[in-house]
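Model, not experiment: these values are computed from the prediction. Note that these values count all heavy atoms, side chains included, but never hydrogens, waters or copies made by symmetry.
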Amino acid sequence: MPRPPTMLDISDLKVFYGPIEAVHGISLCVPEGQCVTLLGPNGAGKSSTISAICGTVKTSGSVKFLGQDLANTDVEDRVRAGISVSPEGRRVFSNLSVEANLLLGAGIRRDRDAIRADIERWFRTFPILGDRRRQMAGTLSGGEQQMLAIARALMSKPRILLLDEPSLGLAPRIVSQIFEMIEQLKQDGMTILLVEQNARQALRISDYAYLLNTGTIQAEGPASSFGQNDELMAKLTGLG
């Protein structure tokens with residue numbers, strides 16, 4: 001069976017905050033149609049890697065999307081190319097309605113009828129958001145805000161969806177719902193790069209995994225092989 005083409009290809013990536021190097025020359029790839037997870041503790045460099053893909057931090061090395069080097073591509077053009085992120089901490093526009101948040105997610109688009117159809121599509125996918133379409137986003141629960149952040153990211157019609165800590169701070173029941181939604185997106189053909197501390201849930205829905213710690217990749221392999229490594233799982237789940 002042929003391997004799917006690579007959608008995102010990162011090589012020797014370094015991320016800088018002033019004089020501080022937060023990510024030290026990592027390489028990874030995300031094949032089209034797959035879910036790849038980036039695991040690791042707080043401060044490992046996971047969110048910095050997401051920021052590098054989005055173009056919001058100083059970097060060196062290579063980030064290629066659909067074969068094109070993004071070195072001189074600004075943030076908006078990366079979104080136009082098909083990269084969208086649901087950021088850590090959700091970052092919804094609290095003083096705007098749920099529906100207005102979704103419209104902002106479609107800011108690069110001009111197909112008004114299709115935008116309206118997509119809003120209704122995501123309201124069907126996330127029914128609680130449809131029920132609260134005119135409610136201010138800041139009044140939603142944490143889980144509802146996470147659903148909104150994912151739906152908003154999808155409104156740009158991305159080729160790849162970057163999910164940064166989607167389960168952070170959520171109750172276990174809501175975490176299960178969020179991962180069910182991510183799994184459905186994958187089954188629908190969405191390419192996903194998932195940054196997550198909940199290793200067991202992330203590995204369950206992923207095809208491939210990288211372990212990032214102190215800015216370097218310390219292990220990688222099929223997600224199923226991670227789950228079978230008791231010593232590694234003990235470290236990832238904080239039990240070792």
Side-chain angles (χ1 to χ4, degrees), residues 4 6-8 10 13 23 26-54 83-91 125-126 142-143 145-147 149-151 153-154 158-240:
T6 296
M7 181 171 285
L8 180 69
I10 295 174
L13 175 69
V23 175
I26 68 170
S27 298
L28 61 89
C29 69
V30 183
E32 184 175 355
Q34 292 194 2
C35 178
V36 172
T37 188
L38 192 55
L39 304 172
N42 282 330
K46 305 187 303 297
S47 291
S48 293
T49 301
I50 293 290
S51 296
I53 299 166
C54 294
I83 299 172
S84 190
V85 61
S86 175
E88 180 182 1
R90 300 178 277 276
R91 301 183 199 172
T125 303
F126 306 99
Q145 288 187 14
Q146 186 60 72
M147 294 175 197
I150 294 172
L154 291 164
R159 298 289 301 275
I160 187 170
L161 178 64
L162 313 178
L163 295 173
D164 195 355
E165 302 286 7
S167 75
L168 187 66
L170 302 181
R173 178 178 61 84
I174 304 301
V175 169
S176 295
Q177 292 178 6
I178 293 295
F179 275 97
E180 286 174 8
M181 294 170 189
I182 297 170
E183 188 172 20
Q184 184 60 56
L185 289 171
K186 177 192 167 186
Q187 291 175 359
D188 290 343
M190 178 61 65
T191 305
I192 299 169
L193 177 60
L194 172 63
V195 166
E196 183 56 56
Q197 288 189 58
N198 189 325
R200 293 194 186 281
Q201 286 276 24
L203 291 170
R204 181 181 64 80
I205 66 170
S206 297
D207 298 286
Y208 201 84
Y210 295 86
L211 172 60
L212 187 63
N213 198 10
T214 60
T216 62
I217 290 176
Q218 299 189 345
E220 65 172 279
S224 58
S225 69
F226 266 61
Q228 294 166 5
N229 186 325
D230 292 340
E231 182 179 351
L232 180 57
M233 288 303 297
K235 292 179 180 179
L236 288 171
T237 57
L239 301 175

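Counting heavy atoms from C-beta outward, Leu8 and Ile10 have side chains that approach closer than 4.5 Å. Here the side chains of Leu163 and Ile182 are in contact, with some heavy-atom distance below 4.5 Å. Looking at heavy atoms from C-beta onward, Arg159 lies out of side-chain contact with Met190 at the 4.5 angstrom threshold. A heavy-atom distance below 4.5 Å is found between the side chains of Leu162 and Cys54. Residues Ile178 and Met147 have side chains in contact (heavy-atom distance under 4.5 Å, counting atoms from C-beta outward).
The minimum heavy-atom distance between Pro166 and Glu196, with the atom names listed, is CD-OE1, 3.1 Å. Of all non-hydrogen atoms in Ala153 and Ser86, the two that sit nearest each other are CB-N, 4.0 Å. In this structure, Lys186 and Ser206 approach most closely via the heavy-atom pair NZ-C, 4.3 Å. Taking every heavy atom of both residues into account, Ala151 and Phe126 meet most closely at CB-CE1, 3.8 Å. Scanning all heavy atoms of the two residues, the minimum distance from Pro87 to Val85 falls at CD-O, 3.6 Å. Taking every heavy atom of both residues into account, Leu170 and Gly143 meet most closely at CD2-N, 3.5 Å.
With values rounded to the nearest 0.5 angstrom, Glu220 atom CD is found 8.0 Å from Cys29 atom SG. Between atom CG of residue Leu168 and atom CG of residue Asn198 there is a gap of 10.5 Å, rounded to the nearest 0.5 Å. Atom-to-atom distance recorded for Leu161:CG and Leu185:CG is 6.5 Å, nearest 0.5 angstrom. The line from CD of Gln184 to CD of Glu180 is 10.0 Å long, rounded to the nearest 0.5 Å. Between the CD1 atom of Ile174 and the OG atom of Ser167 there is a distance of 12.0 Å, given to the nearest 0.5 Å. Rounded to the nearest 0.5 angstrom, Ile205 CD1 and Arg200 CZ are separated by 15.0 Å.
Side chain of Ser51 to main chain of Ser47: a donor-acceptor pair is present (N/O by atom type, distance under 3.5 Å, no hydrogens or angles). A distance-only check finds a donor-acceptor pair linking the side chain of Ser176 to the backbone of Pro172 [under 3.5 Å].
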Which donor-acceptor pairs under 3.5 Å do the side chains of residues 32-40 make with protein atoms, sequence neighbours left out?
residue : atom : partner : partner atom : Å
Thr37   : OG1  : Leu194  : O            : 3.2

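The side-chain contact (heavy atoms from CB on, under 4.5 Å) check on Ser48 picks up Val15, Tyr17, Ala22, Val23, with sequence neighbours excluded. The side-chain contact (heavy atoms from CB on, under 4.5 Å) test applied to Arg204 returns Phe179, Glu183, Gln201, not counting sequence neighbours. By the salt bridge (Lys or Arg N to Asp or Glu O under 4.0 Å) test, Glu165 pairs with Lys46, sequence neighbours left out. Under the side-chain contact (heavy atoms from CB on, under 4.5 Å) criterion, Ser27 pairs with Ser11, sequence neighbours left out.
When each of Ile160, Ile53, Thr6 is checked for a side-chain contact (heavy atoms from CB on, under 4.5 Å) with Val30, only Ile160 meets the rule.
Among residue pairs with one or both ends in residues 182-224, those qualifying as ring-ring contact (aromatic ring centres under 6.0 Å, His included) are Tyr208-Tyr210; sequence neighbours excluded.
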